[in-house]
Amino acid sequence: MKTAILKIFTILAAIVLLCPGCEDYLTEKPKGDLTTDLVYSTPDGYERLVASCYIPLRNVSKYSPMAISGTDLFTVNADEGNSDLMNDYTALSFNTTNGMIDMWWKILYKGVQWCNTAIERADGVEGGVEETIKTRRAEAVFLKNFYYFFLVQSFGDIPYRDYEVSSPETDISRTPEADVYAGMIADLEAIKEDLPKKASLSGADEGRVCWEACRQLLAEIYLTRGWDYNGKLGGSDKDFKLAAQYADDVISSMGALQGNSADSFFPDGDWTKDGYDASSDKNSEIIFSFRFSSDRSSNTEIWNTSGDNNVGSNMHYMLTAGISTTWYGILDINSMYGAGGGGNVPTSYAYEILHPEMKGFDKRANTFFNDAIIAEVEEETKDGTKVFPGDTVVFIPGAEDGEVLADGTVINYDDYRINNPHIVIFSPTDIAEGNLCYSKDGLTEIRARFFFWKFFEPYNRYENMGSKDMPYMRLAGSYLTAAEAYLMAGNKGRAAELYTAVRARSIDLSMSPTGKDPDARTAANITIDDILDERGRELSGEFHRWFDLKRTKTLYTRVPKYNTRVKKAGELEQDASVGKYLLRPIPDNEIQRVTNPDFKQNPGYLI
């Protein structure tokens, strides 16, 4: 069961974190001593060592703005720029002292170091089953390169180590991106047959790295190198063919897509059902996840091994706009709507590509977004009338007042107010402009936004105590990775076929007034923008988007077009000819610790 393997992570974390070491990978102190050497040389100790390599994934998941903010899909719901939310592409957000960037660097390098330790210690295990040790070592190799892939995409040339750091190192250099990509590929190619198929994993092994995950990561790395965003990755057209091949391997192994995308996130696709913390264990479309449990003692993190009340996922908080007693009829405690910070909110584009003007056409609009907040309790309003349970208190119609929908229906906001006189309506214009709306006493300012529901956890009131897994690799993503790779390799027919397969399970043509899919594509007209649109519909919030836009060289065109705050800030467009924002700044803490004078900051960022 899921909790069993997470418990192993918790036990091992105590062992790992008792070893000497500091907060920084680049100046790592020796990890080997008599006690730890003896522990790691036993089969049980080595099992736990490898289990620790998964722990940083939970920390990674808490820094979602590094992967989704400042894109065409997500923006910031705030009056002013928030440096930790990575949206506006200004000096306030992107600087060498940004705390989020600093933690991203530290977390990923901590993961690399733990994995390198596990890889090097494999040969010293005594008395274990050789095949099991080989598999566990392969898991560590995968995870090391998973962390490196985030690092090289985020920072470009980076310190690259393929060995356990056993003494302090400060005279280090940045390895060219091309060499990092070559190293990742060589590592993964060498262990791709050492991992089991996902279907063979059961019990405590569910959720471990599998054969399909390795191939999906290889596909993503080859695809990224093939695009060669800056001409320095060593990519070629052969990379697109290899990416397509590996993604197709995953598709062949995993079988057909699930009937409903929402099944990967909610039991039976129903977000009102509680207690769904085992999505990656039970859903056959999930390949690899950042894993959590409702048993908080299992949710060990790098710097928190106690399993206290501050551990768990924060995706339900970061990406679900807050619902509170600001609205009439919402419970103060034990509300179904739980916690929500709404720091990152979807752009209008993220919602509109799901065609809300055709109700029921794209099923993902109804499950990944919530368009109505319903009163839970009776409450008297300031004018003496009452809101009753079941009344709509907030509504997102998806159309302007007076707008004519595709089926000829004319939207009239007053119709919604007949039975819900206290309803607050967020119009498309209100949301696009981030306009302030009012509720209850008319004094509390609420900024219009969408309610993104993919990671919603009913009744969860706590910011950092989510229990749902965050799927990073899903079969639908493999289809779209393959579609992009085939498109770039010149096989537009296969690209259109894969694109269509993802759409087919999500749309209902009977809800289209014409009976046709307005986004249908064939070999004659499919483009990279079509595939990016479909990735936006299917994979929004799943840690891909900033990297998608950087990879496909569309960051500077799509973000100002669809992210209103970025457009208003203006700096991203001004930087288009320079490309500064294709990389994050190296944290100043790291620059200061390195003694090599040639270890330079990324271009355009001040030290």
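Quick note: residue numbers are just sequence positions, from 1.
Ring pair Phe146/Phe142 is parallel by interplanar angle, where below 30° counts as parallel and above 60° as perpendicular. The aromatic rings of Trp104 and Phe547 lie parallel to each other, with less than 30° between the two planes, well short of the 60° mark. Between Tyr472 and Phe290, the two ring planes are parallel [angle under 30°; tilted spans 30° to 60°].
With ring centers used as reference points, Tyr605 lies 6.0 Å or more from Phe94. You'll find the ring centres of Tyr581 and Tyr556 outside the 6.0 Å limit. For Phe368 and Phe265, the ring centers sit closer than 6.0 Å to each other. Taking the centre of each ring, Phe452 and Tyr351 stay at or above the 6.0 Å mark. A distance of 6.0 Å or more separates the ring centres of Tyr181 and Tyr222.
Under the 3.5 Å distance criterion, with hydrogens and angles disregarded, a donor-acceptor pair is assigned to the side chains of Asp533 and Tyr349. Using a 3.5 Å distance cut-off with no hydrogens or angles, the side chains of Glu212 and Ser253 do pair a donor with an acceptor. Between the side chains of Thr527 and Asp529, no donor-acceptor pair is found at a separation under 3.5 Å. Judged purely by distance below 3.5 Å, without hydrogens or angles, the side chains of Tyr499 and Glu484 never pair a donor atom with an acceptor atom. When only modelled atom types and interatomic distance are considered, Asp248 and Tyr486 share a side-chain donor-acceptor pair under 3.5 Å. Inspection of the Asn563 and Asn87 side chains reveals an N or O donor paired with an N or O acceptor under 3.5 Å. Remark: the Asp588 side chain and the Gln592 side chain contain an N/O donor-acceptor pair separated by less than 3.5 Å. Between the side chains of Ser261 and Glu538, a donor-acceptor pair is found at a separation under 3.5 Å. Looking only at atom types and distance, the side chain of Gln216 has a donor-acceptor partner in the side chain of Thr481 under 3.5 Å away. A side-chain N or O of Ser69 and one of Asn344 form a donor-acceptor pair less than 3.5 Å apart. With no hydrogens or angles considered, a side-chain donor-acceptor pair links Asn602 and Arg174 at under 3.5 Å.
Residues passing the salt bridge (Lys or Arg N to Asp or Glu O under 4.0 Å) test with Lys192 are Glu189, sequence neighbours excluded. When the side-chain contact (heavy atoms from CB on, under 4.5 Å) test is applied to Glu497, the partners found at least two apart in sequence or on another chain are Arg494.
The number of heavy atoms from other shown groups lying within 6.0 Å of NZ (Lys197) is above 12. No more than 12 heavy atoms of other residues, nucleotides or ligands sit less than 6.0 Å from atom CD of Glu130.
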Open item on the list: For Arg565 and Glu571: C-alpha separation, side-chain torsions, deciding distance, then whether salt bridge (Lys or Arg N to Asp or Glu O under 4.0 Å) applies.
Closed with: CA-CA 11 Å; Arg565 283 181 59 95; Glu571 291 198 26; over 6 Å; no
TODO: Any chance you could lay out the salt bridge (Lys or Arg N to Asp or Glu O under 4.0 Å) test for Lys561 and Asp72, step after step, and finish with the verdict?
DONE: CA-CA 8 Å; Lys561 182 177 180 179; Asp72 50 354; over 6 Å; no
